[in-house]
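Here is the structure we will look at.
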Amino acid sequence: MQFHHHGYVSGDPRVQPAAGVGINRPTELPDEVDVLIVGTGPAGMLAAAQLSQFPDITTRIVERRAGRLPIGQADGIQARSVETFQAFGFAERIIAEAYHITEMAFWKPDPADHSRIIRGARAVDDEMGISEFPHLIVNQARVLDYFAEFMANAPTRMAPDYGFEFRSLEVTGEGEYPVTVTLAHTAGPKEGQEKVVRAKYVIGADGARSKVRDAIGCTLAGDAANHAWGVMDVLAVTDFPDIRTKCAIQSGSGGSILHIPREGGFLFRMYVDLGEVDPNDKGAVRNTSIEEIIRKANEILHPYTLDVRDVAWHSVYEVGHRLTDRFDDVLPDQRGTRTPRVFITGDACHTHSAKAGQGMNVSMQDGFNLAWKLGHVLEGRSPESLLTTYSDERQVIAKNLIDFDKEWSTMMAKKPEEFESPSELEDFYVSTAEFPAGFMTQYTPSMLTGGAEHQDLAAGFPIGKRFKSAPVVRVCDTNPMQLGHHATADGRWRIYVFADAAAPAAGQEGAPSPVADFAEWIAKAPDSPLAATPSGADLDAWFDVKVIYQQPHTDIDINAVPAVFKPQVGPFQLTDYEKVYATDPKADIFELRGLDRGGVIVVVRPDQYVANVLPLTATAELGAFFAALLSTGRAAAV
């Protein structure tokens, strides 16, 4: 965390100075906004949090409830999401309060007595060490609280506008605010009255029954599995020995349970198999009582018993897998003729079972993907064509998710005798761990993502996949740290310069130094992306350029490091020394990530995905890559 560069800070350094629209922010919902977000679920709140970092963009997020969500349906937090929380500054705090999944136990019918269950196997949750972050369980409401805090502390001082229900919208295509949205007050003295807001862009994050989706003519298409599950968050007394361990439980009676301990040490969640549903049921299964869910759970757990003392929340749902054909308002025959104005995210465009712990996690990545792009377009950094990449990128990811979830939910519903192998369920859990953890997402080549021509120079940073952090040592203070943890959700691109073998002093002494040549180009060349930085802004306002040397930190003279890696920032133009790194002798990043020692550039998007890998000498290619992403007007006004 960096602060004091704008003057001494005596209070909470997480509270950024108010700026732009955050100065004298109106409490009432304005008649005109740049971005209107409908729904305060995970996708909407993350999008709002990201956009809160753009001081000159008016973003408002509306919610039909009168206040914050007290308890959420989702609770699984995959490692990729925790990586994202790190960028928003609250990973450590949510890790401290959450339940950590380290193993999963698999219970099966006792071969000697099928009326009883026994523990058949255990599986390590992240046996391959996919991430340095843990797999967590914590109430969705707490995740939303943390995003709300981040927004409130941001320069824009953003806060949800509660008590507004979405009614309709019309994309007029006219004027500066071409989307007209009709809302209705749901609480307070104006309850029932309508409010019209004109927006430049709208994000529908309003869930599986999305009215925004309906307004732009999208429909969820797919199928239902005709299988029902009761879910309950409860406090109970039991003799089941793995009550504080995640479990997949299959009973001889034909039912199964997915058991998930919750944060706090006492609460737990059970997904209880209610069996096949008659296609003509017409939703009657959803009226299943909590008493029946508890009775069924006890039947499956035999010979163990479950004495429920308190029910925090419960519900019944039927598994369904549905996906929309597009994630924005541009019809197929309009592609290439106009750019989108309305977008949908999360459950509004993809629904699936809850048992793989994917809904909240994938939805948040929808919001992350979209929000920084809107910020760049509205600030004049990037052309409007950037917005077409949202639907192109995220629809493919949602399709992959649904395909995975179909397989996982089908296996969870199987009877023990239907498996080809006694270990089939746990084998699937272990072999597919990278997907649910959130690390199989890989964006294909586009204006945002380069080709694989130079992938061999950085094999450990696959283009299109998230930037996988690794240990380094920060030269200025000798602190060991994770390189990726210094990247915050501030809307900036990251350019990681992995230096050639020469020491920094080589460039000053006149010896050949590719990294010194690169530093000269990126600092001064007209085709450098840094040339797009607005006049008067800090040199690193749009592009965060970092250098990682091959030598240990003790061999690096900080004064010999090129100035572009030590930019002057803030009103006092103080030197930022925290962009210069060295290898960690205990874990050499060049070895860990297969980096070519001749020098490599790794470009990372604002949402933490690798956009390109280039040789250190490929300045022309780097300039051309960013030229397509930068508006010709360069820093046009919002």
Indicate, with yes or no, if the rings of F368 and F88 have centres closer together than 6.0 Å.
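They qualify: ring centres under 6.0 Å apart.
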Test of ring centre spacing under 6.0 Å for W372 and F54:
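No.
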Would you say the side-chain atoms of K468 pair up with the backbone N or O of S131, donor to acceptor, closer than 3.5 Å?
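Side chain of K468 to backbone of S131, a donor-acceptor pair under 3.5 Å: no, none is there.
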N361 side chain vs Q78 backbone, donor-acceptor pair below 3.5 Å
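Side chain of N361 to backbone of Q78: a pair is present.
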Can you say whether the rings of [X] and [Y] are parallel (under 30°), tilted (30 to 60°) or perpendicular (over 60°)?
X: F90; Y: Y146; value: parallel
X: F133; Y: H485; value: parallel
X: F461; Y: F467; value: parallel

Just by distance, no angles: are the side chains of Q16 and N153 close enough, under 3.5 Å, to form a donor-acceptor pair?
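No, N153 and Q16 have no side-chain donor paired with an acceptor closer than 3.5 Å.
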Judged by modelled atom types alone, do Q86 and Q482 share a side-chain donor-acceptor pair under 3.5 Å?
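No donor-acceptor contact under 3.5 Å links the two side chains.
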Salt-bridge criterion met for [X] and [Y] (N-O under 4.0 Å):
X: E83; Y: R466; answer: yes
X: K524; Y: E520; answer: yes
X: D500; Y: R597; answer: no

Value rounded to 0.5 Å, distance of CD in E434 from CD1 in I130
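One finds 5.5 Å between CD of E434 and CD1 of I130.
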Distance in Å, K373 NZ paired with L370 CG, rounded so as to fall on 0.5 Å steps
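K373 NZ to L370 CG: 7.5 Å, rounded to 0.5 Å.
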Per the side-chain contact (heavy atoms from CB on, under 4.5 Å) rule, which among L530, I601, L539 passes with V545?
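With V545 as partner, L530, I601, L539 yield a single side-chain contact (heavy atoms from CB on, under 4.5 Å), made by L530.
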Identified side-chain contact (heavy atoms from CB on, under 4.5 Å) partner of V603 from the options I463, V610, V613, L622:
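Exactly one candidate clears the test, L622.
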Least distance between heavy atoms, Y581 atom then R474 atom
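Nearest heavy atoms, Y581 then R474: CD2-CA, 3.9 Å.
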Could you walk me through whether V362 and R394 satisfy the side chain to side chain contact (heavy atoms under 4.5 Å, CB included) test, starting with their C-alpha distance in whole Å, then the side-chain angles of each, then the deciding distance to 0.1 Å, before giving a yes or no?
CA-CA 9 Å; V362 175; R394 295 307 297 173; 3.6 Å; yes
Working note: T84 + M364, criterion side chain to side chain contact (heavy atoms under 4.5 Å, CB included); need CA distance, chi angles, decisive distance, verdict.
CA-CA 9 Å; T84 303; M364 287 190 291; 5.9 Å; no
Pair F343, F327 - check ring pair (Phe, Tyr, Trp, His ring centres under 6.0 Å), show working.
CA-CA 6 Å; F343 308 86; F327 287 14; over 10 Å; no
